[in-house]
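Remarks on the structure that follows.
So that the names make sense, note that chain A is the first sequence line, chain B the second, and so on, each numbered from 1.
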Number of protein chains: 2
Amino acid sequence: MKTYLDCIPCFMHQTLSAGRLATTDELLIKKLLDQSGEMIKEISMEKTPAEVGEIIYASIRNITGVYDPYKEIKEKSIAEAILMLSTLETILEKSPNRLLMAIRMAIAGNVIDFGMRKKFNLTEDMYKILGQEFALFDFAEFQNALSKANTILYIADNAGESVFDRVLIKEMGKKTYYAVREVPVINDVIYEDAVASGIHEVAEIISSGSKAPGTILANCSPEFNQLFQEADLIINKGQGNYEGLSENSRSIFFMLKAKCPVIARDLGIEENDIVLKAINTKT
Amino acid sequence: MKTYLDCIPCFMHQTLSAGRLATTDELLIKKLLDQSGEMIKEISMEKTPAEVGEIIYASIRNITGVYDPYKEIKEKSIAEAILMLSTLETILEKSPNRLLMAIRMAIAGNVIDFGMRKKFNLTEDMYKILGQEFALFDFAEFQNALSKANTILYIADNAGESVFDRVLIKEMGKKTYYAVREVPVINDVIYEDAVASGIHEVAEIISSGSKAPGTILANCSPEFNQLFQEADLIINKGQGNYEGLSENSRSIFFMLKAKCPVIARDLGIEENDIVLKAINTKT
């Protein structure tokens with residue numbers, strides 16, 4: 001997905017939010033905003049927003065010296081999600097279609113997103129999504145692909161959401177590689193967040209090599225690129241990963257809640273819709 | 001009021017909104033965003049947001065060649081407000097305190113603001129404000145000042161709101177100078193909008209000389225500055241005018257709805273609160 005004009009003010013919001021988490025020094029935050037502002041003229045609209053995000057969050061790390069501004073927020077999100085695990089398991093047990101319910105749970109976890117200005121209430125939003133109609137629903141294709149798959153590449157999005165991912169990975173019961181970011185960017189999952197979410201109990205955690213709030217293959221590691229080509233099934237969580245891979249030629253299953261109007265428009269759906277979308281499905 | 005860090009992403013939103021009204025050429029809009037982005041590092045946080053707005057809207061006029069991007073929107077707002085006039089008069093007739101009700105109406109009109117991203121519904125919001133508790137309520141001071149005043153300087157804000165201003169001006173029944181912007185900026189009232197609102201029937205319309213979405217005395221005309229010093233009573237509508245005059249040493253009555261979190265914080269109130277605030281009241 002390319003960058004839209006609406007993304008530009010949003011880059012400034014993200015700079016401000018992350019800057020405020022990294023420091024209380026208003027002059028330093030102004031410097032971050034100056035830098036993001038100056039960068040706008042360099043932005044090619046053909047790039048994905050996630051590529052721009054990579055530059056912004058790197059400059060926040062460099063200018064403030066804070067490696068992981070969202071660390072505390074991520075820890076809280078994971079802790080909150082873990083408290084919900086037993087409830088999720090009870091719901092799953094009572095569900096007539098366990099796989100579909102586990103997918104809903106993984107998508108429900110996608111509300112935990114601190115890159116957005118939208119506020120969320122995890123418990124409330126989870127219950128809503130567990131009963132929400134899908135705007136795009138390629139479930140039959142997904143079932144088919146899953147039944148044939150030996151290996152799954154699961155591209156992770158946010159910390160906390162990772163706990164919900166664990167439920168789906170366990171339910172699918174296949175050899176799964178759980179790909180996380182190489183460095184902290186917004187509240188996206190990095191290795192230690194995945195471990196704190198218990199992912200190591202159900203999957204092999206790998207770094208995608210990405211330093212962006214999304215997956216831009218050219219900037220990912222060769223190992224990840226190889227896995228991306230070889231995995232039988234690719235699950236791609238969230239908006240940032242959608243941005244980088246929406247036009248890829250591989251068969252990919254996107255699971256997300258559309259929290260941003262630009263991404264909703266790109267998907268041809270409405271804001272707040274939930275999506276299980278397949279591209280390039282093999283028949 | 002100084003510029004806060006939160007104002008910076010908002011400047012980019014305003015550039016985008018006004019740019020989109022002026023042109024459908026995405027490259028031209030990107031150029032506007034590039035320019036606003038580059039300007040950020042030049043912004044002194046000691047300036048008021050309205051001063052920055054002056055630069056942004058001038059560059060939109062210059063780059064797109066469109067003199068008044070909000071012209072159509074302003075015409076619609078005025079027409080919609082005029083349709084409500086007879087209802088407003090009926091409400092006023094039945095009101096136990098006509099002056100206070102007319103003030104409420106003038107504040108209700110302040111919801112018509114296209115500089116904000118907040119959506120509004122004029123009819124719905126008007127009825128709400130006519131019954132809403134004031135967060136700051138210096139009505140006694142206002143009554144006192146009004147009773148002694150021979151001349152009023154009424155500093156206008158938005159087109160459409162101007163129709164509601166007309167009700168208050170008529171109700172006060174004093175010699176009133178209605179000060180509008182020198183050039184179009186957002187949906188602020190300019191001379192022709194004031195005439196379309198029927199202001200010329202109740203007041204003398206003057207330009208403040210301001211090209212900003214607010215009143216920065218240093219950038220206003222000498223005639224306006226003289227009036228500002230000599231008028232017996234100054235009524236200052238809306239957020240932009242508040243920004244420029246909140247720290248002035250003259251006695252001023254601010255009437256507004258706080259539509260922006262930054263201005264609400266500066267006033268020590270909550271977003272969506274309504275305000276009749278006096279400063280430097282003579283006793």
Side-chain angles (χ1 to χ4, degrees), chain A residues 1-47 49 52-53 55-56 59-60 63-64 69 114-119 186 260-262 265-266 271, chain B residues 1-47 49 52-53 55-56 59-60 63-64 69 114-119 186 260-262 265-266 271:
Chain A
M1 190 187 94
K2 71 183 195 80
T3 295
Y4 290 82
L5 291 171
D6 302 81
C7 303
I8 293 175
C10 189
F11 294 142
M12 303 303 292
H13 279 294
Q14 292 196 40
T15 305
L16 181 57
S17 303
R20 280 206 169 123
L21 284 176
T23 177
T24 55
D25 180 341
E26 297 240 324
L27 287 176
L28 213 54
I29 302 171
K30 174 64 167 49
K31 204 173 155 187
L32 292 171
L33 289 164
D34 292 351
Q35 194 150 321
S36 290
E38 211 167 0
M39 186 191 64
I40 289 166
K41 64 176 185 297
E42 316 292 346
I43 296 175
S44 153
M45 302 304 276
E46 299 311 313
K47 286 203 170 189
V52 181
I55 305 170
I56 291 174
S59 99
I60 292 167
I63 292 183
T64 67
F114 289 91
M116 306 298 302
R117 298 174 70 213
K118 201 162 272 177
K119 291 197 177 89
I186 328 179
C260 135
V262 171
R265 205 189 316 150
D266 197 79
E271 228 177 306
Chain B
M1 189 188 93
K2 72 183 194 83
T3 295
Y4 290 82
L5 291 172
D6 302 82
C7 302
I8 293 176
C10 189
F11 294 143
M12 303 304 292
H13 279 293
Q14 291 195 42
T15 305
L16 181 57
S17 302
R20 279 204 169 124
L21 284 176
T23 176
T24 56
D25 180 342
E26 296 240 324
L27 287 176
L28 213 55
I29 301 170
K30 174 65 167 49
K31 201 171 156 187
L32 292 170
L33 289 164
D34 292 350
Q35 195 150 322
S36 289
E38 211 167 2
M39 186 191 65
I40 289 167
K41 63 177 186 296
E42 317 291 345
I43 297 175
S44 153
M45 302 303 278
E46 298 312 312
K47 285 202 169 190
V52 181
I55 305 170
I56 290 175
S59 99
I60 292 168
I63 291 183
T64 68
F114 290 90
M116 305 299 302
R117 298 174 72 211
K118 201 163 271 180
K119 292 197 175 87
I186 330 179
C260 136
V262 171
R265 205 189 317 152
D266 197 81
E271 229 177 306

(request) Please assess B:His13 against A:His13 for the test side-chain contact (heavy atoms from CB on, under 4.5 Å), listing each intermediate value before the final yes or no. (result) CA-CA 10 Å; B:His13 279 293; A:His13 279 294; 2.9 Å; yes
(request) Determine the option with the most heavy-atom pairs under 4.5 angstrom with chain A, choosing from B:Lys30, B:Met12, B:Gln14. (result)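 Of the options given, most contacts go to B:Lys30.
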(request) Quick one: which of A:Met39, A:Gln35, A:Met45, A:Arg20 has the most heavy-atom pairs under 4.5 Å with chain B, could you say? (result)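 The candidate making the most pairs under 4.5 Å is A:Arg20.
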(request) Decide if atom NZ of A:Lys2 counts as having more than 12 heavy atoms of other residues, nucleotides or ligands within a radius under 6.0 Å. (result)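 Counting neighbours around NZ of A:Lys2, more than 12 heavy atoms of other residues, nucleotides or ligands fall under 6.0 Å, so yes.
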(request) Measure A:Leu33 against the heavy atoms of chain B and call it side chain, backbone, both or neither at under 4.5 Å. (result) both
(request) Please look at A:Leu5 and chain B and tell me whether the side chain, the backbone, both or neither of the residue comes under 4.5 angstrom of a heavy atom of that chain. (result)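 Both the backbone and the side chain of A:Leu5 come within 4.5 Å of chain B.
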(request) Please name the pair of heavy atoms, one in B:Gly37 and one in A:Ile40, separated by the smallest distance, quoted to 0.1 Å. (result)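 Heavy atoms only, the tightest pair is CA-CD1, 4.0 Å.
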